[in-house]
Visitor: 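Sharing a structure below in structure tokens format, with a few things to ask.
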Protein chains: 2
Amino acid sequence: MNKSIQAIESEIKAIYNVALSVDCVIFGFEENKLKVLLIRSDMEKFQSKWSLLGDLLKAEEDIEAAAYRILKQRTGLDDVFLEQVAAFGNLSRHPAGRVVTIAYCSLINVMHHELKIYDNELHWHDVETVKDLAFDHQEIFETCYKRLQKRVQEHPLGFSLLPNKFSLRELQNLYEAILGIKLDRRNFRKKFFAMDFLIDIDEIETDVPHRPGKLYRFDYEKFEMKKKKWSGIDF
Amino acid sequence: MNKSIQAIESEIKAIYNVALSVDCVIFGFEENKLKVLLIRSDMEKFQSKWSLLGDLLKAEEDIEAAAYRILKQRTGLDDVFLEQVAAFGNLSRHPAGRVVTIAYCSLINVMHHELKIYDNELHWHDVETVKDLAFDHQEIFETCYKRLQKRVQEHPLGFSLLPNKFSLRELQNLYEAILGIKLDRRNFRKKFFAMDFLIDIDEIETDVPHRPGKLYRFDYEKFEMKKKKWSGIDF
DNA sequence: AAAAGTCGTGTAATTTAAACACAATACAAA
DNA sequence: TTTGTATTGTGTTTAAATTACACGACTTTT
């Protein structure tokens, strides 16, 4: 009890002197390219640089709720894929002081929200050309992108980026865009048919300058039924 | 005196309404069981409950540095596997107020630190029987355990839990303990020899009541050389 | 010297993945 | 109407990985 008020004050500040924010890495798919939604930084230090969509947590606000709030504000969508990826807390990551951020990855179907995006400072970027983001957002983006590449191979996330009805060509284009590789069309089809989660809805593409492909829907119900199999040791 | 401290505290809290902590889920392996290191909660509300090892971040302390600090304090080890798993921030997770915690997963070789553990309130628990932890630590523990089960199949983490020299039987026991399944001994060997990361150090087990097995070391160098192969879409 | 227990290796059957070819369909151009 | 072009849809064949399963070899214990 010999401590001075000042000592106690700085102790308390030491505990509470951290601000928390959420940053969203929002992926979309358009013209057979994987895109990420960026906004111009509003900080002078990062003038002219692009940054992720983020905000400080409000008092009494749940972390995931904050991520949904940001998504809703920017895209108008609230029923979207959202997943926590990692926390970033480098001491020097934010010029205003100590701000730890929790990064979320989100996948949205661009078709569903096009109208709201024509804000001057908001833009879909091709993931291949994203560079030199504000803050530590380049690192956050790359972490989320790698996480997406891995996750999309093990879980049916990708369908969030496509229309409800899609052709197998669209699906393959999506996977090729996300993974950055070319896949054999025949083996790709065989693989997905073998997984047996695609519902043939007995419709075909329209407005294509060639033989139209059949359209499918992903069977989320059936997917939920099947328990994940043992994947096997391999590294 | 108390009043002014509280006044200061609530002032500061009004601005920085979140405290940040780190919790470590420290796994070990002993007697062919996967263990986790727990400590008695020091909070009255959770009297008699076990909790993870955690602490508030100090001012100007990097998050990962805090995790290493906790590990060092509790186990005496500082060159150990450590990996961020997730942030947990439920509004009601901590009785003292808003505390967001970043969970880290750590794997340590029990043999290397045995001497420091005989603190009354610190104990290795069999992961199978961990239940009813303090705070939201049950959820954190389960998240980290699942993450470990997945990661150990894709990366050579498991060797951190074993002595430098180990037999294939020990390695298999480790995998069976982590994954909670039985594996065919012959196929397990074939698999690991095919991966070709085990160095035969030309020694054999001692003090076993049967034919001794050969001892191996993991070749981290060779592992770093090989780039991770394409794993394939499957869910 | 025999029994008990685990080590180390191998083979056959099955499943999965990779490489590859061709007819069928729709549109566009002549 | 016919022909050319592009893409769909469906195989097959080969190689690689996984699974299931068996037997002799080696050390300690009795």
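Per chain, numbering begins at 1; letters A, B, ... match sequence-line order.
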Visitor: Given C:dT6, is OP1 or OP2 found less than 4.0 Å from the side-chain N or O atoms of B:R185?
Guide: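 Checking B:R185 against C:dT6: no side-chain N or O falls below 4.0 Å of OP1 or OP2.
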Visitor: On a plain distance test, is the side chain of B:R211 in donor-acceptor contact with the base of C:dC7 below 3.5 Å?
Guide: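 Answer is yes: a donor-acceptor pair is held.
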Visitor: Nearest whole angstrom, please: distance from the C1' of D:dT7 to the CZ of A:F188.
Guide: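 In whole Å, D:dT7 C1' lies 16 Å from A:F188 CZ.
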Visitor: Does C:dG8 have its OP1 or OP2 closer than 4.0 Å to a side-chain nitrogen or oxygen of B:R189?
Guide: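 Yes, because at least one side-chain N or O of B:R189 sits under 4.0 Å from OP1 or OP2 of C:dG8.
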Visitor: Between atom CG in B:D184 and atom P in C:dT11, what is the gap in whole Å?
Guide: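 Nearest whole value for this atom pair: 16 Å.
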Visitor: Of the non-hydrogen atoms in A:Q153 and B:G232, which two are nearest, and what is the gap between them?
Guide: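 Here A:Q153 and B:G232 meet closest at OE1-N, 3.2 Å.
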Visitor: Just how far, in rounded Å, is P of C:dC7 from CD of B:E170?
Guide: 10 Å
Visitor: Report the distance from atom NZ of B:K214 to atom C1' of C:dT6, rounded to the nearest whole Å.
Guide: 15 Å
Visitor: Heavy-atom nearest nucleotide on DNA chain D for A:N187 versus A:H210: which residue maps closer to 5'?
Guide: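 Upstream on the strand: A:H210.
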Visitor: Can you check the B:F193 CZ to D:dA17 P distance for me, whole Å?
Guide: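 Nearest whole value for this atom pair: 18 Å.
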Visitor: Starting at atom CG of A:L215, determine the distance to atom P of C:dA26, rounded to an integer number of angstrom.
Guide: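 Rounded to the whole Å, the gap is 14 Å.
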Visitor: Whole angstroms only, please: what is the CD1-P distance between B:I204 and D:dA25?
Guide: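 Whole-Å distance recorded here is 18 Å.
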Visitor: With a 6.0 Å cut-off on ring centres, are A:F192 and A:Y175 close enough?
Guide: yes
Visitor: Counting only side-chain heavy atoms from C-beta out, which of C:dC20, D:dG9, D:dC21 sits nearest to B:R186?
Guide: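 It is D:dC21.
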Visitor: Which residue, B:R169 or A:K191, contacts DNA chain C at a nucleotide closer to its 5' end, judged by nearest heavy atom?
Guide: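 Comparing both residues, the 5'-ward one is B:R169.
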Visitor: In whole angstrom, what separates A:L183's CG from C:dA19's P?
Guide: 11 Å
Visitor: Is the distance between the ring centroids of A:F193 and A:Y216 under 6.0 Å?
Guide: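 Centroid distance A:F193-A:Y216: below 6.0 Å, so yes.
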Visitor: Can you tell me if A:D200 has over 12 outside heavy atoms packed within less than 6.0 Å of its CG?
Guide: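 Above 12, so yes.
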Visitor: With nearest nucleotide decided by heavy atoms, which residue, B:L168 or B:K190, maps closer to the 5′ end of DNA chain C?
Guide: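 Final value for this comparison: B:L168.
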Visitor: Please round to the nearest 0.5 Å and tell me the distance separating atom OG1 of B:T101 and atom CG of B:L52.
Guide: 8.5 Å
